[in-house]
Amino acid sequence: MSTGERPYKIASIILLVLVLLISWSALNTVRSVRHQVQTMQGELHNLRSHVTHEIGSIRGTVQSIREDARWYTAPRFEVTGMEDTTAMIKLSWNLQEYTEGSTVTLNYRYADQDGFSEVKAVEESSGLFAVEFPIEITMEPNWNFYLSKATENSATSRTQNVSDVVEEKVWGPGHSAMLLEYYITLQEGGTIRASDQHTMELDKLNFNYFNPLDVNVIWEGDEKLEVVLNQPPYIPDPHYTIQNIHLESRKGKTEVMERWTFAEVVVSYPQPAPEHSSFKVSAVPGKDYDSLFIVVEYSGGVTVEKEIPTF
């Protein structure tokens, strides 16, 4: 090594050492910052969980205060009797504060109606008021459709509740939605107090007559389909039991073109048997049909039908 090269090499070594020291210091700094960030994230998560818990607790306390501050208790709902397509509904509630002889009224309507009907409540005991009134039950089961379509290269599927793709159910002779809205009024002299408006879902009343139906529709390409209908044992002894099931292709919505009969399938483990009923049919409908319907014949001469949703 010449005398002229020595200072250069010494300077290079010193520079290299400085670079290593700076890199090591920077690496330690990055590690320290990363550790601090992770610590802060953990603390933030804990803080978020604590705030969520506190908000939930505050909401519960506010709801409890509201309940205590109400002049009435939340109405209780029960079915007191059923005959043919009519169910007797009873709503009862307690008044926390009222003057003896005051007029207590239940005001109710179906969701698609404009005006409320009034029914005077009866005081069953001190502060306990109740109203009974009839409700028309839709005479068909609850349907759920599970659709899938397989092609050579792919398979698609989706799940639909039939209420998403067909017209609303019809209640009795009128066209009433399956949601009841109601509120309570208390008239003491010239003062009238009204409660909050409550809602009650009525679509589950038909479970007293029918078990629900789960329908699996499997398309193999665009022509052949297999339909599997399952009846879960929601209630062990429904009023109406299945007698026959058909798949129909139709011109329009009413003119039957072809019909295929479902065959009962022996249900094996892990599904429960014999309460869990299953039926299946395969079909290749003609190309000139407009719609496909499942027709279920029940005991007692009750027949219901539902159009298979399209993809």
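Nothing fancy with the numbering, it's 1 onward along the sequence.
Proximity of a side-chain donor or acceptor of Ser32 to a complementary backbone N or O of Asn28 within less than 3.5 Å is not detected. Asn211 contributes a side-chain N or O that, together with a main-chain N or O of Tyr234, makes up a donor-acceptor pair within less than 3.5 Å. Using a distance-only test at 3.5 Å, with no hydrogens or angles considered, a donor-acceptor pair links the side chain of Ser249 to the main chain of Glu258. Judged purely by atom type and a 3.5 angstrom limit, Ser25 has no side-chain atom pairing as donor or acceptor with the backbone of Leu21. Distance alone, capped at 3.5 Å, is enough to place a donor-acceptor pair between the Thr73 side chain and the Asn94 backbone. The backbone N or O of Ser299 sits nowhere less than 3.5 Å from a side-chain atom of Thr241 that would complete a donor-acceptor pair. Under a 3.5 Å cut-off, the side chain of Glu140 and the backbone N or O of Val304 do not form any donor-acceptor pair.
Checking Glu307 against Ser291 by side-chain atom types alone, no donor-acceptor pair falls below 3.5 Å. Looking only at atom types and distance, the side chain of Glu264 has no donor-acceptor partner in the side chain of Ser278 under 3.5 Å away. Side-chain contact annotation: Thr80 with Glu132, donor-acceptor N/O pair under 3.5 Å present.
Under a cut-off of 6.0 angstrom, the local environment of CD in Glu201 is sparse, with at most 12 non-hydrogen atoms contributed by other residues, nucleotides or ligands. Other residues, nucleotides and ligands contribute more than 12 heavy atoms inside 6.0 Å of the CE atom of Met88.
Between Phe145 and Trp143, the ring planes lie parallel to each other; the angle is under 30°, not in the 30° to 60° tilted range. Using cut-offs of 30° and 60° for the angle between ring planes, the Phe116 and Tyr183 rings count as perpendicular. The aromatic rings of Tyr298 and Phe210 lie perpendicular to each other, with more than 60° between the two planes, well past the 30° mark. Ring geometry for Tyr209 versus His239: interplanar angle over 60°, hence perpendicular rather than tilted (30 to 60°).
Atom NZ of residue Lys120 and atom CG of residue Leu106 lie 14.0 Å apart, to the nearest 0.5 angstrom. Here the straight-line distance linking atom CD of Gln96 with atom CH2 of Trp71 works out to 10.5 Å at 0.5 Å rounding. Separation of atoms CG (Leu247) and NZ (Lys280) is listed at 14.0 Å; rounding is to 0.5 Å. If you take CZ on Arg193 and CG on Leu95, they are separated by 9.0 Å, rounding to the nearest 0.5 Å.
Contact of the Met257 side chain with the Asp288 side chain is registered, since non-hydrogen atoms from C-beta on lie closer than 4.5 Å. Looking at heavy atoms from C-beta onward, Leu180 lies in side-chain contact with Tyr110 at the 4.5 angstrom threshold. The shortest distance between side-chain heavy atoms of Glu305 and Ile294 does not fall below 4.5 Å. Proximity of Phe279 to Ile242: side-chain heavy atoms (C-beta onward) are separated by under 4.5 Å at one or more points. Taking 4.5 Å as the limit, some side-chain heavy atom of Leu147 sits within range of a side-chain heavy atom of Pro309. Side-chain contact between His246 and Glu297 is present, with heavy atoms from C-beta onward closer than 4.5 Å. In this structure, Val228 and Val215 have side chains that are not in contact, with every pair of non-hydrogen atoms separated by 4.5 Å or more. In this structure, Ser195 and Trp93 have side chains that are not in contact, with every pair of non-hydrogen atoms separated by 4.5 Å or more.
Closest approach of Asp196 to Tyr72, counting heavy atoms only: N-OH, 3.2 Å.
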ask   = Should Arg109 and Asp114 be marked as a salt bridge (Lys or Arg N to Asp or Glu O under 4.0 Å) after you check the CA-CA gap, both sets of side-chain angles, and the distance that decides it?
value = CA-CA 8 Å; Arg109 69 178 179 186; Asp114 294 328; 5.7 Å; no
